[in-house]
S.K.: 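Could you have a look at this structure, given as structure tokens, before my questions?
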There are 2 protein chains.
Amino acid sequence: MTVTLADVAARAQVSPATVSRVLNGNYPVAASTRERVLRAVDDLDYVLNGPASALAAATSDLVGILVNDIADPFFGIMAGAIQSEIGGPGGRAGGERLAVVCNTGGSPERELTYLTLLQRQRAAAVVLTGGAVEDTAHATAVATKLRKLVAAGTRVVLCGRPPAPADTDAVALTFDNRGGGQQLTEHLIALGHRRMGYIAGPEERTTTRHRLEGHRAALAAHGVADDPAWTVHGRYDRRSGYEATLELLRREPGLTAVVAANDTVALGACAALRDSGLRIPDDVSVVGFDDLPFSIDAVPALTTVRLPLAEAGARAGRIAMGREEAPPGGIATIRGELMVRGSTGAPKEA
Amino acid sequence: MTVTLADVAARAQVSPATVSRVLNGNYPVAASTRERVLRAVDDLDYVLNGPASALAAATSDLVGILVNDIADPFFGIMAGAIQSEIGGPGGRAGGERLAVVCNTGGSPERELTYLTLLQRQRAAAVVLTGGAVEDTAHATAVATKLRKLVAAGTRVVLCGRPPAPADTDAVALTFDNRGGGQQLTEHLIALGHRRMGYIAGPEERTTTRHRLEGHRAALAAHGVADDPAWTVHGRYDRRSGYEATLELLRREPGLTAVVAANDTVALGACAALRDSGLRIPDDVSVVGFDDLPFSIDAVPALTTVRLPLAEAGARAGRIAMGREEAPPGGIATIRGELMVRGSTGAPKEA
DNA sequence: CCTTGTGTAGAAAGCGCTTGCTGCGACGCG
DNA sequence: CGCGTCGCAGCAAGCGCTTTCTACACAAGG
């Protein structure tokens, strides 16, 4: 039924071993023999059996990429960049590897299950993207899993994620969410804002906490009051931004600025403000985070912090493939860049 | 070093066969034995070797999803929906399957290579999303590949893609791009527009052609002139929309509407119009296609055709898993819904 | 009491590939 | 001219799992 290595060997009049070596190209084979084998492969339309070869060689060419939400460009951009570097077809790298993008939906259990599944497949590498959940039990479970993966020879890279315990040997490229949050709020303070609402992400995520910490640090540094009622938690989506903004407006109609957890949330905030008859930035300024492609198309264009997602992803991909050295200590912090655009301005009555 | 089935068997005092059967649950095993085995698995922290089991059972639990651009929510949404149905962790389905999202970048070669890679992995199913390339040679090559995959027991589903030759046995869920394009243009004609620019996608894509055909059909049906100079081809991205719009404006400053290949392009068009000092929809109306989440956040909100991406993806996923019957004839056409919003209005001087 | 079933576990034969080791000409050097 | 080398190909032993077929024990039926 299906063509096997042996069939190719028979047709090329060589042993299966030789065919294998031609295909893997890691052993001297005479040019004439190689050619004969290659022709046989072609004639028979032979396709290597991945599982069999993975079993025999005890390695596989699968690379796992864990994302929280594949429909979110934040992850899509990183995943695309990672994939282009791990040498899927068309990537720069040589060997063809299959990138497995796994959508955890932000669920800790799924994250763990996917890690097990990847361990089961003996993945060559695993890249975890996005913020982690701040649950100790889960963090421990993940760390344990990562340790096992590393022990089994899988390279583990965290991209846009806080470092795992050092003994996991996982490389981490972390975004400076705290610093970014601080820059944003300082920008608003410099413009004269004093009553700023903050729409945070899900409480248990590290990303949420770090960005919020940055915001508060900026407030504290400039002696600006920090009313807890001006912070609302929600999800990282538009709807959440919309609702949270209405809630903030209800609590404090005199807000002059809204700081959103990310650009998507900011868009929802903008919509809520407009629907409330408020102009941006004349009545209320809005800032986002991430600088996703659509942010520049918002009207007015969103002031935000640009995170080099593609660059970070590419780097993570290269490290995962062992084509770039890990940063010293296994940890690199990637800063964002403040992008001041039309959605922020001085408050009406300073 | 690594724990194998045999180790578990030894610890549970049973044969490897029994352990395998407990793990796969497709053979009667006495409750007491099962429990003993399960405990041993737990104690030893055993993880099944995927390749080995795939080899022995001649099946794998990998499901491939091919997308043109993973950073584009159009694909992200479909991929997410597919994945949630194929029973990855947390999905509704029982067995745990690994979804492999492959990013072709729109390249025909990569598409083919990924198909080979999936064939090599003996994937359980493959879902191809997005428009196909209209190159005969490539179409033939893909059809051949699909035929082989199907022959090898891989289920093949096309989602948002024109049907493959009937003898490939691939199920197709096709978007009615033609009809959608027609609705959009008819809407504009009904508003009184007569001079409409069209920003098409890459020339060789079926999606591009079908949408354009719909546009032209509407023009023809209503006796509206169709100046070839009013159609510009570009890529499916914002930049392209921006530049094409400027070009259209140069060619015909009297345009009263711009029809974009998709929402992303439409956003670029809006930006170009604004930068040219034109108001939307007062001076120029704009329509997109797809109704991606951000389209409602454009200012003014985009008139577009809503494609049920998540629903289509979910259905494709179920069909791929054999949990839903294929549509009669293996082909289903999915219509879009015209969403009239703020970006379209009557032309200034009718 | 022996036969026929029924339910459960084991033995063993692969699945298709990789790779360490062996084998065998040919070549070069003393 | 003989022997050590080198280059290349083959042998065969697995890799870790699934699954068919066989084996056994016990229950029920004639």
Side-chain angles (χ1 to χ4, degrees), chain A residues 1-38 40-41 44-62 95-96 117 119-124 152-153, chain B residues 1-38 40-41 44-62 95-96 117 119-124 152-153:
Chain A
M1 176 66 231
T2 48
V3 183
T4 72
L5 237 211
D7 298 330
V8 176
R11 186 169 231 271
Q13 318 232 54
V14 296
S15 73
T18 303
V19 177
S20 171
R21 298 203 257 247
V22 167
L23 262 25
N24 291 297
N26 48 14
Y27 192 86
V29 174
S32 64
T33 313
R34 155 175 296 113
E35 205 179 319
R36 200 142 36 89
V37 169
L38 256 18
V41 167
L44 262 36
D45 216 11
Y46 171 69
V47 175
L48 190 70
N49 183 316
S53 117
L55 172 58
T59 61
S60 98
D61 48 7
L62 250 48
E96 275 158 6
L117 239 33
Q119 181 185 2
R120 173 178 301 182
Q121 297 298 332
R122 306 299 188 251
Chain B
M1 176 67 230
T2 48
V3 182
T4 72
L5 238 209
D7 298 331
V8 176
R11 185 170 233 270
Q13 318 233 54
V14 297
S15 73
T18 303
V19 178
S20 170
R21 298 203 259 247
V22 167
L23 261 25
N24 291 297
N26 50 14
Y27 191 89
V29 174
S32 64
T33 314
R34 154 175 297 112
E35 205 179 322
R36 202 144 34 88
V37 170
L38 255 20
V41 166
L44 263 34
D45 215 10
Y46 172 67
V47 175
L48 191 69
N49 182 315
S53 112
L55 171 59
T59 60
S60 98
D61 48 8
L62 250 47
E96 273 158 9
L117 239 34
Q119 182 185 3
R120 173 179 302 182
Q121 297 298 333
R122 306 299 189 253

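The sequence lines fix the lettering, A, B, ..., with proteins before strands; numbering per chain opens at 1. From a predicted model like this one, the values you see are computed outputs, not experimental measurements.
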S.K.: Look at A/Asn49 and C/dC15 and indicate whether a side-chain polar atom (N or O) is within less than 4.0 Å of OP1 or OP2.
M.R.: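 No, because none of the side-chain N or O atoms of A/Asn49 sits under 4.0 Å from OP1 or OP2 of C/dC15.
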
S.K.: Can you identify which nucleotide, out of C/dG16, D/dT18, D/dG16, has its nearest atom closest to the A/Ala56 side chain?
M.R.: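 Among the listed nucleotides, the one closest to the side chain of A/Ala56 is C/dG16.
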
S.K.: Please determine if a side-chain N or O atom of B/Thr18 lies less than 4.0 Å away from the OP1 or OP2 oxygen of C/dG10.
M.R.: yes

S.K.: Consider the side chain of B/Ser53, meaning its heavy atoms from C-beta on, and name the nucleotide among C/dT18, C/dG16, D/dT18 that approaches it most closely.
M.R.: D/dT18

S.K.: Roughly, in whole Å, what's the span from CZ in A/Arg120 to C1' in D/dT18?
M.R.: 15 Å

S.K.: So, do B/Val22 and B/Thr33 sit near enough that their side-chain heavy atoms are less than 4.5 Å apart?
M.R.: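 Answer no - side chains too far apart.
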
S.K.: How many Å lie between CZ on A/Arg34 and C1' on D/dG7, as a whole number?
M.R.: 13 Å

S.K.: Quick one: closest heavy-atom pair of B/Val19 and B/Ala9, and the distance?
M.R.: CG2-CA, 3.6 Å

S.K.: Report the nucleotide, chosen from C/dA9, C/dT19, D/dG16, that has the shortest atom-to-atom distance to any side-chain atom of B/Val29.
M.R.: C/dA9

S.K.: Are any of the side-chain heavy atoms of B/Val14 and B/Arg34 separated by less than 4.5 Å?
M.R.: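 The answer is no, as the side chains (C-beta and beyond) never meet within the 4.5 Å cut-off.
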
S.K.: Using atom CG of B/Leu5 as one end and atom P of C/dG10 as the other, report the distance to the nearest whole Å.
M.R.: 13 Å

S.K.: If you pin B/Gln13 and A/Asn26 to their nearest nucleotides in DNA chain C, which one's is more 5'?
M.R.: B/Gln13

S.K.: Closest heavy-atom contact between A/Val37 and A/Ala12?
M.R.: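 Scanning both residues completely, I find the closest heavy atoms to be CA-CB, 3.9 Å.
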
S.K.: In whole angstrom, what separates A/Asp61's CG from C/dT18's C1'?
M.R.: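 Value for this atom pair: 14 Å.
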
S.K.: Let's test your reading of the model: under 3.5 Å, does the base of D/dT20 pair with the side chain of B/Arg21 as donor and acceptor?
M.R.: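 Result: at least one qualifying N/O pair found.
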
S.K.: Tell me: CG of B/Leu48 to P of D/dC15, nearest whole Å?
M.R.: 16 Å

S.K.: May I have the distance from A/Asp7 (atom CG) to C/dC15 (atom C1'), rounded to whole angstrom?
M.R.: 14 Å

S.K.: Taking CG from B/Leu23 and C1' from D/dT18, how many angstroms apart are they, rounded to a whole number?
M.R.: 12 Å

S.K.: By nearest heavy atom, map B/Ala30 and A/Ala6 onto DNA chain C; which one lands nearer the 5' end?
M.R.: B/Ala30

S.K.: Do you know which two heavy atoms are closest between A/Ala54 and A/Ser60, and how far apart they sit?
M.R.: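 That would be CB-CB, 4.1 Å.
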
S.K.: In whole angstrom, give the distance that lies between atom CZ of A/Arg36 and atom P of D/dC8.
M.R.: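 Rounded to the whole Å, the gap is 14 Å.
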
S.K.: Looking at C/dA9, C/dG16, C/dA11, which one has an atom nearest to any side-chain atom of B/Ala17?
M.R.: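 From the listed options, C/dA11 comes nearest.
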
S.K.: Kindly point out which of D/dC8, C/dT18, D/dC15 is positioned nearest to the side chain of A/Leu55?
M.R.: D/dC15

S.K.: Out of C/dT19, D/dA9, C/dT8, which has the shortest distance to the side chain of B/Tyr27?
M.R.: C/dT8

S.K.: Are OP1 or OP2 of D/dA9 and a side-chain N or O of A/Ser15 less than 4.0 angstrom apart?
M.R.: no

